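Scroll down for the structure; my scribbles are underneath it.
Residue numbers count from 1 along this sequence. Just so you know, these numbers come straight off a predicted model, no measurement behind them.
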Amino acid sequence: MFERFTEDARQAVRQAVEEARRLRHGQAGTEHLLLGLLSVTESASARLLAARGVDHERVRTEILRIRGNAAGGEIDAEALETIGIDLSAVRRKVEEAFGPGALDHEAPRGRRGVPGGSRWATVTPRSKKVLELALREAVALKSKEIRDGHILLGIIREGEGLGVRVLADAGVNLVALREDVKSHLAGAGRQR
């Protein structure tokens, strides 16, 4: 399926996986796909979202608010401290018992022991569904290639992931966005 993706669409998926890794979320969810689309700033999806006040920083902030950062951090340590838990002391005790770095996360390994495993191993089932829906959107619109806009249509059509929730919470009219994306894709198809 990836051979049909345009460079912008491929870059968005690569960026989604990278965003998930940066946030230490393990797998790339629909929210990371949205971040990936916004990372490709010159793409049609990024421009259409920016016109609605949705940008990379806003989405990233919202994701961190909802999901947090798996790496922990000062906010988590402060929250635990308010209930009498000293995160530094816990880390010291664990490292005394299990060795230095025992709490550090290691990248999941694939079948051959290689960190990261296969391409699909790094995305959630819901994100796989979004990418399948992107393909269906491309077919329905009679497009020979899958563009970044088709991925955005997939996020909207899937309708239950954190990606679409972030858009809805930002006040984006999803029906109007869907129509604008489809119009843009139809225009892009006529130009070819």
Side-chain angles (χ1 to χ4, degrees), residues 1-23 25 27-69 119-120 122-192:
M1 177 168 72
F2 280 108
E3 62 275 358
R4 293 184 60 188
F5 277 54
T6 63
E7 185 52 37
D8 281 352
R10 287 179 195 201
Q11 192 176 353
V13 174
R14 283 192 300 267
Q15 287 295 323
V17 171
E18 188 55 37
E19 292 285 352
R21 284 190 183 132
R22 271 190 222 115
L23 296 171
H25 286 165
Q27 290 185 304
T30 62
E31 66 277 17
H32 302 102
L33 286 174
L34 182 59
L35 277 176
L37 289 170
L38 290 164
S39 294
V40 186
T41 56
E42 67 280 355
S43 72
S45 295
R47 287 192 308 269
L48 288 168
L49 290 166
R52 288 166 170 77
V54 178
D55 62 19
H56 187 274
E57 192 56 36
R58 180 177 184 170
V59 170
R60 189 173 195 281
T61 300
E62 186 65 8
I63 291 168
L64 287 173
R65 185 187 69 75
I66 294 169
R67 283 198 56 184
N69 182 335
R119 177 179 287 143
W120 287 119
T122 58
V123 298
T124 64
R126 192 163 289 204
S127 288
K128 286 182 201 178
K129 175 85 172 179
V130 165
L131 296 175
E132 290 168 7
L133 291 170
L135 171 63
R136 289 183 187 174
E137 292 287 347
V139 169
L141 295 170
K142 297 178 176 40
S143 178
K144 293 182 184 198
E145 53 193 10
I146 300 167
R147 305 177 77 74
D148 59 285
H150 294 112
I151 296 173
L152 183 53
L153 289 176
I155 290 170
I156 296 167
R157 183 170 167 187
E158 188 276 331
E160 296 179 17
L162 186 51
V164 79
R165 178 177 158 196
V166 167
L167 291 173
D169 288 352
V172 173
N173 179 329
L174 297 173
V175 174
L177 176 59
R178 181 172 174 72
E179 290 308 310
D180 286 351
V181 173
K182 286 173 68 174
S183 293
H184 174 79
L185 289 169
R190 284 191 293 269
Q191 293 173 357
R192 294 191 167 262

Item to complete: Work out which heavy atom in Gln15 is nearest to a heavy atom in Gly36; give both atom names and the distance.
Response: CB-CA, 3.8 Å

Item to complete: Determine whether Ile155 and Leu33 make a side-chain contact, defined as any pair of heavy atoms from C-beta on separated by less than 4.5 Å.
Response: yes

Fill in: pair Leu135-His150: side-chain heavy atoms closer than 4.5 Å
no

Discussion item. Using side-chain heavy atoms (C-beta onward) and a distance below 4.5 Å, is Glu19 in contact with Ile63?
Written reply: no

Response to the item:
Between Asp148 and Leu37, the two heavy atoms sitting closest are O-CD2, 3.6 Å

Response to the item:
All heavy atoms of Leu185 vs all of Leu141, minimum pair found to be CD1-CD1, 4.0 Å

Item to complete: For side chain to side chain contact (heavy atoms under 4.5 Å, CB included), just list the numbers for Val166 and Thr30, CA-CA rounded to whole Å, side-chain angles, deciding distance to a tenth of an Å, and then say yes or no.
Response: CA-CA 10 Å; Val166 167; Thr30 62; over 6 Å; no

Worksheet item: With side chains defined as the heavy atoms from C-beta onward, is the minimum distance between Leu133 and Arg136 less than 4.5 Å?
Response: yes

Discussion item. Leu35 vs His56, test: side chain to side chain contact (heavy atoms under 4.5 Å, CB included). Steps then yes/no.
Written reply: CA-CA 6 Å; Leu35 277 176; His56 187 274; 3.7 Å; yes

Fill in: Residue pair Leu34 / Val164, side-chain heavy-atom distance below 4.5 Å
no

Worksheet item: Tell me, do Glu62 and Arg58 make a side-chain contact under 4.5 Å, heavy atoms counted?
Response: no

Item to complete: Could you tell me whether Arg147 and Glu137 make a salt bridge, using a distance below 4.0 angstrom between a side-chain N and a carboxylate O?
Response: no

Discussion item. How long is the straight-line distance from OG of Ser45 back to CG of Leu38, given to the nearest 0.5 Å?
Written reply: 8.5 Å

Worksheet entry | Chi angles and distances behind the side chain to side chain contact (heavy atoms under 4.5 Å, CB included) call for Leu48, Val181 | CA-CA 7 Å; Leu48 288 168; Val181 173; 3.7 Å; yes

Discussion item. Please report the interatomic distance OG(Ser39) to NE2(His32), rounded to the nearest 0.5 Å.
Written reply: 11.0 Å

Item to complete: Output, in order, the C-alpha distance, side-chain angles, deciding distance and verdict of side chain to side chain contact (heavy atoms under 4.5 Å, CB included) for Val13 and Ile151.
Response: CA-CA 9 Å; Val13 174; Ile151 296 173; 4.0 Å; yes

Fill in: Residues Arg60, Glu57: salt bridge by 4.0 Å N-O rule
no

Worksheet, complete the sentence: dist Arg52:CZ -> Asn173:CG (nearest 0.5 Å) comes out at 7.5 Å

Discussion item. Minimum heavy-atom separation for Arg47 and Thr41, please, with both atom names.
Written reply: CG-O, 4.2 Å

Response to the item:
In this structure, CZ of Arg10 is separated from CD1 of Ile146 (nearest 0.5 Å) by 10.0 Å

Worksheet item: Quick one: does Leu153's side chain get under 4.5 Å of Arg178's, heavy atoms only?
Response: yes

Worksheet, complete the sentence: Test salt bridge (Lys or Arg N to Asp or Glu O under 4.0 Å), reference Glu158, set Lys128, Arg165, Lys129, Arg126, output is Arg126

Discussion item. For Ala170 versus Val54, what's the shortest heavy-atom pair and its separation?
Written reply: CB-CG2, 4.2 Å

Worksheet item: What closest approach, in Å, do Ala28 and Ser127 show between heavy atoms, and which atom pair accounts for it?
Response: O-OG, 2.9 Å

